[in-house]
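Not measured: the values here are computed from a predicted model.
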Amino acid sequence: MTINFINRRKSPFPVELWPSIRAGIQSLVGGPQLAVLVILLASASLRAQTPVPASPSSSTVTTSESANLGAPVEKSLGTSPQQRVEQLRNEIERLRVEVERLRLLVEAKEKQSTVSSIPPPAAPAVSSPPSAAPDSARIAVATKAQGGDLSGAGNLLRTDRITIGGYGDFQFRQSSISERADGGGTPTFQNTRLVLSIAAVLAEKQNIIFNSEIEYEFGSREIDVEQAYVEWKARPEFGFRGGIIVPAIGRFNTFHDSYLNLTTIRPLINQFIIPSAYRDAGVGIRGRFKLPHKMKFSYEADLVNGMQGVNADGEPTPFSRLLGQSSAAEPGLVAFQAERRRKAMVGRVGFSPIPGLEVGVSGYNGHFNEQGSPPQSVTILFIDGSYRRGSLVINGEYGRSNIVGGIPRKSPAPPAINLNAPQTIAALAEFVAQRSPGQDGFYLEGGYRFASPVARKKLDEGAYIAPVVRYEVVRLDRTIPNFYLNRSRTTIGLNIAPSSTVIFKLNYLFNRTFGPVPRVPAGIGGALFGISPLPHLDYGRNGFTGSVAYVF
């Protein structure tokens, strides 16, 4: 920046001081500080040109003194050029101190303005594309509503030492509704999750940050560290992180927060094809590139411990026909001690050809058997897409998994049951507890926000009403065409947001199984794994669910 608002020839400052003055001016960021600097420099100039009043002892001027009235000012005032230079240097130092104080005040004001002007995170867009993250050097981590990694309603700025936020939801479910095979069978109120987020800037100049989430799930029955990592964002094109991370397998796994989810219940493929939500311990790199014509490219590559072949109780529930991968990433296991020598690899690439649209391809590959057991590995592939234009949002994903080792490539037909023959029910229970050679599924969802003038007057800023719809399919054993654990679901809902931080969701779910559901008596049809052939009673029937989702 070049500033030429002072005439050197008419300036009271000596020529040798101009490099120092120019350096002080160019260190400013402009705006209010520049205006204040002009005023301060003018004031200093006036002070420099104003004659110093004579002291009482020199109030009487002699004849010889009057003969020297034409002498230079500094001589008549008894001030040498060196003293005047020193005075001006002191003035410039005081100006620098004042400018620094003004800069801190302006940054504090801008920070307050940034937090208050964050776009409503409760928008029905289940995760804006990562390419939509704000490109600002002042933001250390953007919120997930803006395509970043920070849970909560406010960004983490580089000048922040620490910030606290979070989200949660409270639900009501009818007896036919469950999530991740937890619950179901009875109508219930459920405090599904409360997530507390703590983030901090560890090194401002190097842009090294810490980000974490502590999750209290299902009424605090499960307390997990969902993520806790340190990341060095060296450049927008390259960053390194290590700790407990949430790998980008698909789109929803990263942006799974309750206030970003269009509906109350998470997509089926994000409950069974990959754990909900999948997190792991490891290291990784990631970055984003701006391309010509407003196009963007992003990548992520992680090396992690990998999914487990047993749950927290040591039971071989992961990758089964009944539960899928819902228990394959218990935090207490993946973050403590790997059960095998080889690590798993996770990666994703994303491309945004136009603003608001992003498509991505991601994959996972890793062994899940313990040491000494026959080798078994799983490969998971996801294709995702997200489009947002104004108040319209459309999201979709397709996921597919394959297991190699220890199981046939095609499953036999499920055994038929006879309610009068308990051994047939036990045979079916054993069958659904076995691992599936392959699973797949997809979902497609959309929503549109309406913000009426009446609502804007009576409700808080960011209020809206949004109808939503989702259609999804999951096959927990895709080699069996008419298997009752393969099913589809259509969700119709209405989201009412009285503010940008609170959403009331009302959903009705239409469920359809791909085969007849065996109706086992309650005495032997409980939810115990390996005993019941069903995840819960009333499985596969339609039902209502609602929730209150919030972010702070």
Compare every heavy atom of [Y] with every heavy atom of [X], then report the nearest pair and how far apart it is.
X: Ala153; Y: Thr143; result: C-CG2, 4.1 Å
X: Ser197; Y: Leu150; result: OG-CD1, 4.2 Å
X: Ala463; Y: Ala451; result: O-CB, 3.7 Å
X: Ile198; Y: Phe210; result: O-CE2, 3.8 Å
X: Pro414; Y: Phe483; result: CG-CD1, 3.7 Å
X: Pro316; Y: Arg435; result: CB-NH2, 4.1 Å

Can you tell me how far the [atom1] atom of [X] sits from the [atom2] atom of [Y], to the nearest 0.5 Å?
X: Leu194; Y: Glu217; atom1: CG; atom2: CD; value: 11.0 Å
X: Leu392; Y: Arg449; atom1: CG; atom2: CZ; value: 11.0 Å
X: Phe442; Y: Leu444; atom1: CZ; atom2: CG; value: 7.5 Å
X: Ser401; Y: Asp440; atom1: OG; atom2: CG; value: 8.0 Å
X: Ile223; Y: Ile214; atom1: CD1; atom2: CD1; value: 9.5 Å
X: Leu509; Y: Ile177; atom1: CG; atom2: CD1; value: 4.5 Å

Any donor-acceptor pair under 3.5 Å from [X] side chain to [Y] backbone:
X: Lys144; Y: Phe255; answer: no
X: Glu300; Y: Arg286; answer: no
X: Tyr508; Y: Thr490; answer: no
X: Glu397; Y: Arg251; answer: yes
X: Asn486; Y: Ile480; answer: yes
X: Ser176; Y: Arg541; answer: yes
X: Ser436; Y: Leu476; answer: yes
X: Thr424; Y: Asn418; answer: yes
X: Arg279; Y: Ala277; answer: yes
X: Gln171; Y: Thr192; answer: no

Taking side chain to side chain contact (heavy atoms under 4.5 Å, CB included) as the definition, give me every residue that meets it alongside Ser377, ordered by chain and number, with sequence neighbours left out.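 Partners of Ser377 by the side chain to side chain contact (heavy atoms under 4.5 Å, CB included) criterion, ordered by chain and then number, come out as His367, Val404.
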
Salt-bridge criterion met for Arg193 and Glu179 (N-O under 4.0 Å): yes

Are the side chains of [X] and [Y] in touch, meaning some heavy atoms are under 4.5 Å apart?
X: Ile269; Y: Phe382; result: yes
X: Pro415; Y: Glu430; result: no
X: Tyr364; Y: Met307; result: yes
X: Asp149; Y: Gln227; result: no
X: Ile208; Y: Glu231; result: no
X: Asp477; Y: Val432; result: no
X: Phe252; Y: Asn261; result: yes
X: Val473; Y: Tyr471; result: yes

Do the ring planes of Phe289 and Phe297 sit parallel (below 30°), tilted (30 to 60°) or perpendicular (above 60°)?
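Plane angle between 30° and 60°, so tilted.
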
For a side-chain contact (heavy atoms from CB on, under 4.5 Å) check, start with the C-alpha distance between Ile503 and Tyr464, then their side-chain angles and the critical distance, and finish with the verdict.
CA-CA 9 Å; Ile503 315 175; Tyr464 66 86; 3.6 Å; yes

Check: [X]/[Y] side-chain N/O donor and acceptor closer than 3.5 Å:
X: Thr188; Y: Thr186; result: no
X: Gln439; Y: Gln325; result: yes
X: Asn395; Y: Glu445; result: yes
X: Thr254; Y: Arg348; result: no
X: Arg478; Y: Asn402; result: yes
X: Thr263; Y: Arg470; result: yes
X: Arg266; Y: Ser276; result: yes

Test Leu485 against Phe272 for side-chain contact (heavy atoms from CB on, under 4.5 Å), laying out the working first. CA-CA 11 Å; Leu485 291 176; Phe272 298 103; over 6 Å; no

Worksheet entry | Derivation of the side-chain contact (heavy atoms from CB on, under 4.5 Å) call for Val474 and Gln271 | CA-CA 10 Å; Val474 65; Gln271 301 179 45; over 6 Å; no

Residues passing the salt bridge (charged side-chain N to carboxylate O under 4.0 Å, His left out) test with Lys343, sequence neighbours excluded, are none

Show me, pair by pair, the donor-acceptor contacts under 3.5 angstrom made by side chains of residues 544-552, not counting sequence neighbours?
{"unit_1": "Thr545", "atom_1": "OG1", "unit_2": "Phe172", "atom_2": "O", "d": "2.8"}
{"unit_1": "Ser547", "atom_1": "OG", "unit_2": "Thr264", "atom_2": "OG1", "d": "3.0"}

Next on the checklist: Test salt bridge (Lys or Arg N to Asp or Glu O under 4.0 Å) on Arg288 and Glu358; report intermediate values, then the result.
Outcome noted: CA-CA 13 Å; Arg288 298 168 183 164; Glu358 188 192 46; over 6 Å; no

Before giving the answer on side-chain contact (heavy atoms from CB on, under 4.5 Å), spell out for Val246 and Asn253 the whole-Å C-alpha distance, their side-chain angles and the decisive distance to 0.1 Å.
-> CA-CA 7 Å; Val246 178; Asn253 191 63; 3.6 Å; yes

Count the heavy atoms belonging to other residues, nucleotides or ligands that lie under 6.0 Å from CZ of Phe514, then report whether that count exceeds 12.
yes

